[in-house]
Amino acid sequence: MPVVAEILIPLALDTPYSYVAPAGLDLAPGDVVQVPLGPREIVGVVWGVTETAGGSNLRPVTGRLPFPPLSDPLRSLVDWIARYTLAPKGSALAMVLRLPDEAAAGETARVAVRLTDKPPSRPTPARTKVLAAAADGALRGKSALAKEAGVSLSVVDGLIDDGVLETVAVEPEPVAPRPDPDFPRAPLSPAQAAAVAELVAPFPWDRPQAQDSDDLRPVLLEGVTGSGKTEVYFEAVAACVRAGRQALILMPEIALTAQFLDRFAARFGVRPAAWHSGIGGKRRERLRAAVAEGEALVVVGARSALFLPFARLGLIVVDEEHETAYKQEDGVHYHARDMAVVRGRLENCPVVLTSATPAIETRVNAARGRYRHVLLPERFGGRRLPDIAAIDMRLDQPERGRFLSPPLVNAVKSTLERGEQALLFLNRRGYAPLTLCRACGHRYQCKNCSTWLVEHRFRRALVCHQCGYAERRPEACTECGTFDNLTACGPGVERIAEEAAEMFPDRRIVVLSSDFPGGAERLRQELEAVAAGECDVVIGTQLVAKGHNFPFLTLVGVLDADIGLTSGDPRAAERTFQLLQQVTGRAGRGEKPGRALVQTYQPDHPVIAALLSGDAERFYAEEIQAREAAGLPPFGRLAALIVSASEREVAEAHGQALARAAEPPEGVMVLGPAEAPLALVRGRYRFRLLVKTERNVDLQAYLRAWIARGPKVRGNVRVAIDVDPQSFL
DNA sequence: AGCACGCCGACT
DNA sequence: GTCGGCGTGCTC
């Protein structure tokens, strides 16, 4: 009887397609195959195999491809994610597969050279330098040799043509050197050692049949900034590697720094294999293969690393688990931290979530015993957390048109006089968040989105922070024509830099924000320079709150702690608390103790009060209570239907029609589209219809039914579903 | 995701 | 009269 294979194809298709297996080709679920689809050939994965009498009308599978088959847990993950996120199964598969993209691109043949016996036919000064550098006869890369000799590559090439140097093909640099779990390391503090013991003891790597055991619960490893969480989970990684299993460390892309890779190298002797959006081409494929063969023992990666085909996954660490960067907001909408927990369950391996400021839902999971909770309550090395004090802006007003209050200015002054570093934190890029005309009151607004345009004085432009739309800052008001009468309202980091330059002349001041001139690479260099102490006053947005460690920083001034508290986002309080706790925690991580001053108009606000008292417990308890009362996550559930189209009118019309079709049942509330501001995202207009449900409502089923009732979704209009992080286990 | 088919405006 | 723009639908 003919064998029919169900093949899942990595396109936006929800069901596998059926093909016949040609005689002599044994197919099993997970096999990577090539199949015809319409006029072309495409890669797919066998999702099921049946023997039937029929199937003669089906097209045959072209053949099996030489890739390791997708494991059972990985296929289950695809099914699970598709079901949970309501994405087509094929789209979920695409995240796992992303096969030979442009495998040939980025392929740089590595060629080493060494001296032959032949003298150069025409010696030149540049050639002599190269010969001197290569005199020891060792193998060197072409560009390394050129650099060492201080000449350009063409000189080396010329010597190769001349026969003075010979080329030797070298093995490409290994993608995944073996970390040594027993590499000599700095001793742990007693608190760290205790946390390691508590963390690792229940992990059942040597008891592979310990299924469903309590020991496989995810663990929340919570410790204040500077408590040394990283060293603690490194020990879990070491134990995992010793047990012969692979470990995955997930981090927000921004935190994946050279500083971190070096810290890993200090513990394990080599840098870990790193997986992020920047790694491409051949190297990407080699690393994927090394992971699939179980050779790459430790991978550190951004969220997409979660879909790598590990052969023997033994541990997943999610660093900074509260980070919003773990949430993917286009294509398949998912939260990598939660999918890590799911993958851990499917792979039967432990998952460690670490944070100094855990997300509420993670706290709740820990409090209810779904997750284990390991605490690291003190800073490492006897260092103290910074003292935090408020500056009540109603009492200590800055001068007119200024934003730094006198007590903060004085604190910065004395910090600088002691030769220490100060950070002024303001979570607002640009010069001023609003521009208006003094004559007619016109406010400059984005023509695509419902947001004000932000003035960027350095670029002489008004910019939308939603969609990136920018226009030249006009000389005369575009509404009433009055010349030179526009006024900047409120501060951004650029404006603070201007003020700081006046207050602290002769000091080295740097502004760090995601739109740093010169791009991400220059920004990275600048961050390292700050860490090395090559700057006195740092003015930064939230980007300085994470990632880099600044050992000379002893004072953090928070300029407008109240930003974000009024945003209407149900997570505003939580987000603000996390951000402020992280940024104030930057102070005093080096030799000298630190302190933080927080400018606020509402010192009694629960978030600010909790920050000042250091009583995170109380904040979480109150916030959890408030959410329970409001039926918000993690007690109810929150999701959004995201409607998008390339034309504004189309998106709006479709969204309205969908909103009318909502018919929410008991326990479900649909908000919007009035509450859902329109935004232009990557060339498409989109808005969100927020859905709030009570506990125990089957959100997925409701959303499916809603979409089915609504207007037919046609090509240009797309509906995506964004199910928020939940305590779903 | 591609690719074809079909319906509308603007060119030799 | 045809060329070609994109919106729409289909691929086992």
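Please read these numbers as outputs of a predicted model, since none were measured by experiment. So you know, we letter chains A, B, ... as the sequences are listed, proteins then strands, and number each from 1. As a basis for the values below, the full set of heavy atoms in this structure was taken, side chains included, without hydrogen atoms, waters or symmetry mates.
Listed by chain and residue number, A:Tyr702 satisfy the ring-ring contact (aromatic ring centres under 6.0 Å, His included) test with A:Trp706 (two or more places apart in sequence, or in another chain). Scanning for side chain to side chain contact (heavy atoms under 4.5 Å, CB included) contacts around A:Ser91 gives A:Ala12, A:Pro88, A:Val332, with sequence neighbours left out.
Using a 4.5 Å heavy-atom cutoff, the side chains of A:Leu86 and A:Arg704 are in contact. Residues A:Leu216 and A:Arg345 form no side-chain contact, since every pair of their non-hydrogen atoms from C-beta on lies 4.5 Å or further apart. You'll find the side chain of A:Leu93 reaches within 4.5 Å of the side chain of A:Leu70, heavy atoms only.
Nucleotide C:dT11 holds its P atom 10 Å from the CG atom of A:Leu13, rounded to whole Å. Rounded to an integer number of Å, the gap from A:Leu37 CG to B:dC3 C1' is 10 Å. The nearest whole Å value for the distance from the CD1 atom in A:Ile7 to the P atom in B:dA1 is 21 Å. Atom CZ of A:Arg40 is separated from atom P of C:dC10 by 15 Å (rounded to the nearest Å). In this entry the distance linking CD of A:Glu41 with P of C:dC12 reads 11 Å, nearest Å. Atoms OH (A:Tyr17) and C1' (B:dA1) sit 12 Å apart, rounded to a whole Å. Atom CE of A:Met95 is separated from atom C1' of B:dA1 by 16 Å (rounded to the nearest Å). Atom pair A:Asp14:CG and B:dA1:C1' shows a separation of 16 Å (rounding to whole Å applied).
DNA chain B forms stems at B:1-11 with C:1-11, each a run of 3 or more consecutive Watson-Crick or G-U wobble pairs whose two key distances fall under 3.5 Å.
No donor-acceptor contact under 3.5 angstrom links the side chains of A:Ser355 and A:Glu320, judged on distance only.
Looking at heavy-atom distances under 4.0 Å, A:Pro10 makes no contact with the nucleic acid at all. The residue A:Ile9 sits apart from the nucleic acid: no heavy atom pair falls under 4.0 Å.
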